[in-house]
Amino acid sequence: MPQSRHRHKHPHAHPHTAGHVPEAPKKSAVPMMIIFIGLLGFGIALIAAGVSWLWLLTGILVGAVSGYFIGKSMDRTAAADK
């Protein structure tokens, strides 16, 4: 009869990771900043030029482009800090 003390133990398929919190998927700040700064540009154009559709559209477009670059900058900064 084999001796149990000489047998090899079973390897565990997965190590125990007590207290391990899985990392959340990374979200980009670009869409949020495009919307936020675009609305800010709309508001500034509304106050500055009144209800002129050309200036409102220009304010939205300038704000959206600015929001894109600000969001990209925020993503680069967040990635560099990790």
On a heavy-atom basis, which atom in A45 and which in W55 lie closest, and how many Å separate them? CB-O, 3.4 Å
Got a list of side-chain donor-acceptor pairs under 3.5 Å for residues 59-78, not counting sequence neighbours?
residue	atom	partner	partner atom	Å
S66	OG	V62	O	2.9
D75	OD1	A29	N	3.1
D75	OD2	S28	OG	2.7
T77	OG1	S73	O	2.9

Do you know the tightest heavy-atom contact between V51 and L46? CG2-CD1, 4.3 Å
List for me each residue that meets side chain to side chain contact (heavy atoms under 4.5 Å, CB included) alongside I47, sequence neighbours excluded, and say none if there are none. none
For the atom pair CD1 (I44) and CG (L39), what is the distance rounded to the nearest 0.5 Å? 11.5 Å
What is the distance from atom CD1 of I34 to atom CD1 of I37, rounded to the nearest 0.5 Å? 10.5 Å
